[in-house]
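One structure is given below, encoded as structure tokens.
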Amino acid sequence: MARPDELTFAPLGGVGEIGMNLSIYGLGNRHQRSWLAIDLGVSFGDEEHLPGIDLIMPDIGFLEKQRGNLVGLVLTHAHEDHFGAIIDLWPRLKCPIYATRFSAALFQAKCESERNPPKIPVTVVPSGGRIDIGPFSVEFIPVAHSIPESHALAIHTELGTVLHTGDWKIDPTPIIGKPTDERRLRELGDAGLLALIGDSTNAVREGRSPSEAEVAKTILELVKAAKGRVAVTTFASNVARLRAVADAAKAADREVVVVGRAMERVVQVARETGHLDGVQNFRSTDLYGHFPPDKVLALCTGSQGEPRAALSRIANDDHPQVTLNKGDCVIFSSRTIPGNEKAVGAIINGLINLGVEVVTDRTHLVHVSGHPRRDELRDMIAWTRPQLLIPVHGEALHLFEHARLARAAGVPKVLICRNGDLVKLGAGDPGIIDQLPSGRLYKDGTIIEDSKSRAVVERRRMGFAGCVFVAIGMTEKGELADDPEVDLVGIPEKNGAGEELDDIVFDVVVSTVEGLPRARRRDPDALAESLRRAVRSVLNEHWGKKPLCMVHVLQV
């Protein structure tokens, strides 16, 4: 291959939004590039706007076409918004995957929990290690975050070095793992950094994110002060928090019972990879009822209000083994992800109705973010001194504030881009030079569909305005063979005047058929379209909404 004359970057997910992260770096010329992918994550469906959709993933159509030039996929860390789409989408790419030990082990455990476990090989790279992947040399630089073994990636190329920060913060006392490697980041700055592609999640928040050690102190105080049973819910992947809870339980002479499959999976992987060395053994759920109330602590899944998770079932008083009563305490050691407020609120209200005391981050320091606030962003810029900064991992406001901060900090060039923008990083002046195909894929049950999918569009409409099913038999002469069958689903029974909507729809079906010319009655498609229009129109007149209408014409 000829000497590369361009180093490019394109986000295919995770910019202008939080979640669904997928970034690609290209090295070559306009006719041929080698591509390196960073992360492949998911967002979660919203029942209001996307009923029945479990997961949202980035559209990888561009990478599928470039599969022969895709040299690898590198993982910054093992959060779902960074690696949750791999099982579903990797079969379309079949490229090598690179990750550090904990991320690889958690991914393997995730694969094994599937009904038909896929065989997806992962190459393990040591923390702080460096590996050549095609024309890229990728260095894993430890950073603090809310899961073990998070890494910024220094991507070294002939045209310069790019720092892809991934998710990070500055935490001098992270409980588990190494602090953010300031020394190595300063060395990158001293050597000359072409570009910094940086986390913007907390760019609107002044100051610094508190340390995990401060959260551990609060949890210890709360657990020691509790008189009855204690339950703690947190993100299962936050192993530092699990260790803090275990230490608090030990100090208060309580046994830790793990409740929920996701929590059990992470605990097993954390023990296998040494991140829970020295922590007492946890107990299985079936032993929960054997301990006195002041001798047990339940570590639960369900901090985001997931309906099938442990805490939701406990709050509804229908968990087979774990109960909470008046005088017990639940600590939400988590933040509520936007969109989950109603579900979390319902659980909190359910617990309060049981007489349980609920502690959240509104009143106590029981959770800290894993992302950098503004002073930390300034530190990163001062250490690395990039020629170019591109804000990513944030919504429009976060990107704008990160860009403004970078300009004020003296970064020579700051560029805001969106999903699909192909950005030239070097050589020469940086800028957006092309648009790549980008979009969303929806996981609906076991099927993956694009955003134009009929099922997704129709289900949204159905959720808003119900559906009418009409079945009609027509003779060869174009006459009704029998009374039409009409079924209304998700539609009120009566209009404002008390008239049955079933009868109104039935009458309009009959009158529409009888009012059509005989030739149109003999054309099943034309007849179905006329009926669909008439039914939607009459329901709009009586109800103010136009439902979906499915018409089946049977010729007899």
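Heavy-atom neighbours of Glu206 CD from other residues, nucleotides or ligands within 6.0 Å: above the threshold of 12. Shown here is Lys224, whose NZ atom has no more than 12 heavy atoms of other residues, nucleotides or ligands within 6.0 Å.
If you check the side chains of Ser200 and His398, you find no donor sitting under 3.5 Å from an acceptor. A donor and an acceptor atom, one from each side chain of Ser113 and Arg261, are nowhere located under 3.5 Å apart. Judged purely by distance below 3.5 Å, without hydrogens or angles, the side chains of Glu264 and Gln268 never pair a donor atom with an acceptor atom. Side chains of Asp171 and Ser211: a donor-acceptor N/O pair is present below 3.5 angstrom, by distance only.
Arg184 has a carboxylate O that lies under 4.0 Å from a charged side-chain N of Glu139, or vice versa, which qualifies the two as a salt bridge. Between Arg378 and Asp375 there is a salt bridge, since at least one side-chain N of the basic residue sits less than 4.0 Å from a carboxylate O of the acidic one. Look at Glu212 and Arg241 and you find a salt bridge, because one of the NZ, NE, NH1 or NH2 atoms lies within 4.0 Å of a carboxylate O, short of that distance.
Taken from CG in Leu324 to NZ in Lys326, the straight-line distance is 15.0 Å, to the nearest 0.5 Å. Within the model, atoms OG of Ser43 and CZ of Arg440 stand 6.0 Å from one another, a figure rounded to the nearest 0.5 Å. Separation of atoms CG (Leu185) and CD1 (Ile381) is listed at 12.5 Å; rounding is to 0.5 Å. Interatomic distance, Thr233 OG1 to Leu299 CG, rounded to the nearest 0.5 Å: 8.0 Å.
With sequence neighbours left out, Arg115 forms a side chain to side chain contact (heavy atoms under 4.5 Å, CB included) with no residue at all. Residues forming a ring-ring contact (aromatic ring centres under 6.0 Å, His included) with His82 (at least two apart in sequence, or on another chain): His77, His393. Looking at residues two or more places apart in sequence or on another chain, you find no side-chain hydrogen bond (donor to acceptor under 3.5 Å, both in side chains) involving Arg271. Under the rule for a side-chain hydrogen bond (donor to acceptor under 3.5 Å, both in side chains), the partners of Thr76 that lie at least two apart in sequence or sit in another chain are Asp39. Evaluation of the side-chain hydrogen bond (donor to acceptor under 3.5 Å, both in side chains) rule for Asn419 yields Glu17 as partners, not counting sequence neighbours.
Considering Leu153, Ile24, Leu73 in turn, Leu153 is the only one that fulfils the side chain to side chain contact (heavy atoms under 4.5 Å, CB included) rule with Ile38.
Residues His164 and Tyr25 bring their aromatic ring centres within 6.0 Å.
The salt bridge (Lys or Arg N to Asp or Glu O under 4.0 Å) pairs that include a residue from residues 228-240 are Arg229-Asp328, where partners are two or more places apart or lie in different chains. Legend: side-chain hydrogen bond (donor to acceptor under 3.5 Å, both in side chains) pairs involving residues 299-311, not counting sequence neighbours, sorted by first then second residue: Gln304-Asn340. The ring-ring contact (aromatic ring centres under 6.0 Å, His included) pairs that include a residue from residues 263-307 are Phe102-His275, where partners are two or more places apart or lie in different chains. Sorted by first and then second residue, the salt bridge (Lys or Arg N to Asp or Glu O under 4.0 Å) pairs with a member in residues 76-98 read Glu64-Arg92, Glu80-Lys110, Asp88-Lys443; sequence neighbours excluded. Contacts classified as salt bridge (Lys or Arg N to Asp or Glu O under 4.0 Å) and involving residues 278-288 (residues at least two apart or in different chains) are given here: Glu255-Arg283. For residues 214-223, no pair satisfies side-chain hydrogen bond (donor to acceptor under 3.5 Å, both in side chains), with sequence neighbours left out.
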Applying side chain to side chain donor-acceptor pair (under 3.5 Å), run through Thr165 and Asp199 and close with a yes or a no.
CA-CA 6 Å; Thr165 69; Asp199 179 357; 5.5 Å; no
Should Thr100 and Glu149 be marked as a side chain to side chain donor-acceptor pair (under 3.5 Å) after you check the CA-CA gap, both sets of side-chain angles, and the distance that decides it?
CA-CA 7 Å; Thr100 56; Glu149 295 183 24; 2.9 Å; yes
Start with the C-alpha gap between Asp294 and Lys227, add the side-chain angles, then the distance that decides, and say whether salt bridge (Lys or Arg N to Asp or Glu O under 4.0 Å) holds.
CA-CA 6 Å; Asp294 62 344; Lys227 301 285 190 284; over 6 Å; no
Decide yes or no on ring pair (Phe, Tyr, Trp, His ring centres under 6.0 Å) for His151 and His145, but give the supporting numbers first.
CA-CA 9 Å; His151 291 87; His145 185 47; over 10 Å; no
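Panel note: side chain Gln280, backbone Ala246; a donor-acceptor pair is recorded below 3.5 Å. Looking only at distances, a side-chain donor or acceptor of Trp90 sits under 3.5 Å from a matching main-chain atom of Cys95. For Thr123 (side chain) and Ala99 (main-chain N/O), no donor-acceptor pair under 3.5 Å exists by modelled atom type. For Glu376 (side chain) and Lys169 (main-chain N/O), no donor-acceptor pair under 3.5 Å exists by modelled atom type. Thr273 contributes a side-chain N or O that, together with a main-chain N or O of Val269, makes up a donor-acceptor pair within less than 3.5 Å. With hydrogens and angles ignored, the 3.5 Å screen pairs a side-chain donor or acceptor of Ser209 with a backbone N or O of His371. Panel note: side chain Arg243, backbone Asp277; a donor-acceptor pair is recorded below 3.5 Å.
For the residue pair Pro91 and Ile86, the shortest heavy atom distance occurs at CD-O, 4.1 Å. The two residues Val143 and Thr180 make their nearest non-hydrogen contact at CA-OG1, 3.5 Å. Closest non-hydrogen pair, Ala249 versus Leu297, comes out as CB-CD1, 4.2 Å. Between Val366 and Ser333, the shortest heavy-atom distance links the atoms O-OG, 2.6 Å.
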Side-chain donor/acceptor pairs under 3.5 Å, residues 314-322, sequence neighbours excluded:
unit_1 : atom_1 : unit_2 : atom_2 : d
Asn316 : ND2    : Ser312 : O      : 3.2
His319 : ND1    : Gln321 : N      : 3.1
His319 : ND1    : Val322 : N      : 3.1

